[in-house]
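Comments concern the structure below.
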Number of protein chains: 2
Amino acid sequence: MNKKIQKLADKFKVLSNPIRVSILLCLLNGQSNVTKIQECLNIPQSTVSKHLGILKNAGLIEGERSGLEVIYSIVDDGVKNMILSLMAE
Amino acid sequence: MNKKIQKLADKFKVLSNPIRVSILLCLLNGQSNVTKIQECLNIPQSTVSKHLGILKNAGLIEGERSGLEVIYSIVDDGVKNMILSLMAE
DNA sequence: TCTTTATATTATAATATTACAATATTATGC
DNA sequence: GCATAATATTGTAATATTATAATATAAAGA
């Protein structure tokens with residue numbers, strides 16, 4: 001299997017979960033900490049953290065610790081624009 | 001869960017499989033029948049047919065029967081361009 | 001109708017993903 | 001040190017996806 005194709009499919013897999021899409025939408029307008037994201041989505045903290053980890057691991061977001069909080073923001077502008085344009089349809 | 005978000009995630013899910021991405025790449029240059037796609041990917045016929053069904057069901061491709069053959073082609077130009085630009089990266 | 005070719009469907013075992021409670025970590029203030 | 005708050009990890013049961021062999025269907029020609 002072609003590596004480039006596998007990588008592309010993996011990228012789509014990261015985006016294939018509604019919670020992860022929601023998190024990205026939460027972050028479209030700027031950065032946010034985990035608690036805010038959790039309140040926005042109204043799901044358990046461990047679930048949010050798990051998906052944040054997947055998004056971070058895929059290089060779509062990054063988290064910076066500030067005291068007790070970790071502030072997440074979108075890194076990949078391409079994905080940002082893709083989500084935006086697809087949501088606009 | 002927001003319906004629009006679910007739909008978007010579902011769209012990504014269709015693209016999250018390397019065989020399906022490969023099929024779309026096979027079809028980028030034009031239409032093709034199942035046997036050609038199968039030879040291009042070198043995997044069992046039932047596997048190809050299964051994934052063609054998923055792509056068709058998602059509205060990304062369409063198949064037209066011509067005698068014994070079914071000719072598939074890409075319908076969704078947005079997806080076509082997305083794949084193209086992402087493969088170019 | 002029988003055969004052959006092309007494609008689709010079904011059945012199922014293997015594997016992957018998911019949600020989330022429970023627990024652990026990390027940082028801060030006392 | 002201890003307590004508390006914010007976040008991450010682990011364990012696990014439920015569910016979904018996958019690959020592919022076996023079988024079914026559809027079309028064409030003899």
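In what follows, chains are A, B, ... by sequence order, proteins preceding strands, each numbered from 1.
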Item checked: Value rounded to 0.5 Å, distance of CG in B:Leu8 from NZ in B:Lys13 -> 12.5 Å

Next item on the list: Check whether any side-chain heavy atom of B:Ile23 sits under 4.5 Å from a side-chain heavy atom of B:Leu52, and report yes or no.
Entry: yes

Next item on the list: At the 4.0 Å heavy-atom cut-off to chain A, mark where contacts on DNA chain D begin and end, going 5' to 3'.
Entry: D:dA5 to D:dT9

Check: C:dA6 base to B:Gln45 side chain: any donor-acceptor pair below 3.5 Å?
Finding: no

Check: Contacts to DNA chain D from residues 63-70 of chain A, heavy-atom cutoff under 4.0 Å, which residues?
Finding: A:Leu68, A:Glu69, A:Val70

Next item on the list: Check B:Ser32 against B:Ile37 and note the closest heavy-atom contact, atom names and distance.
Entry: OG-CG1, 3.6 Å

Margin query: Using only modelled atom types and a 3.5 angstrom limit, is any donor from either the side chain of A:Ser46 or the base of C:dA21 paired with an acceptor on the other?
Written below: yes

Note to self: Mind checking if B:Lys13 touches a base, just sugar-phosphate, or nothing, with heavy atoms under 4.0 Å?
What the structure shows: sugar-phosphate

Next item on the list: Of all the heavy-atom pairs spanning A:Phe12 and B:Leu15, show the shortest one and how long it is.
Entry: CD1-O, 3.3 Å

Margin query: For B:Arg65, run the side-chain contact (heavy atoms from CB on, under 4.5 Å) check against B:Val70, B:Ile71, B:Asn33 and tell me which one passes.
Written below: B:Val70

Margin query: I'd like to know if the side chain of A:Arg20 and the backbone of A:Leu55 have a donor-acceptor N/O pair within less than 3.5 Å.
Written below: no

Next item on the list: Please tell me if the side chains of A:Val79 and A:Ile83 come closer than 4.5 Å, counting only heavy atoms from C-beta onward.
Entry: yes

Next item on the list: State, with a plain yes or no, whether a side-chain heavy atom of A:Thr35 is found less than 4.5 Å away from one of A:Gln45.
Entry: no

Note to self: With nearest nucleotide decided by heavy atoms, which residue, A:Pro44 or B:Thr35, maps closer to the 5′ end of DNA chain C?
What the structure shows: B:Thr35

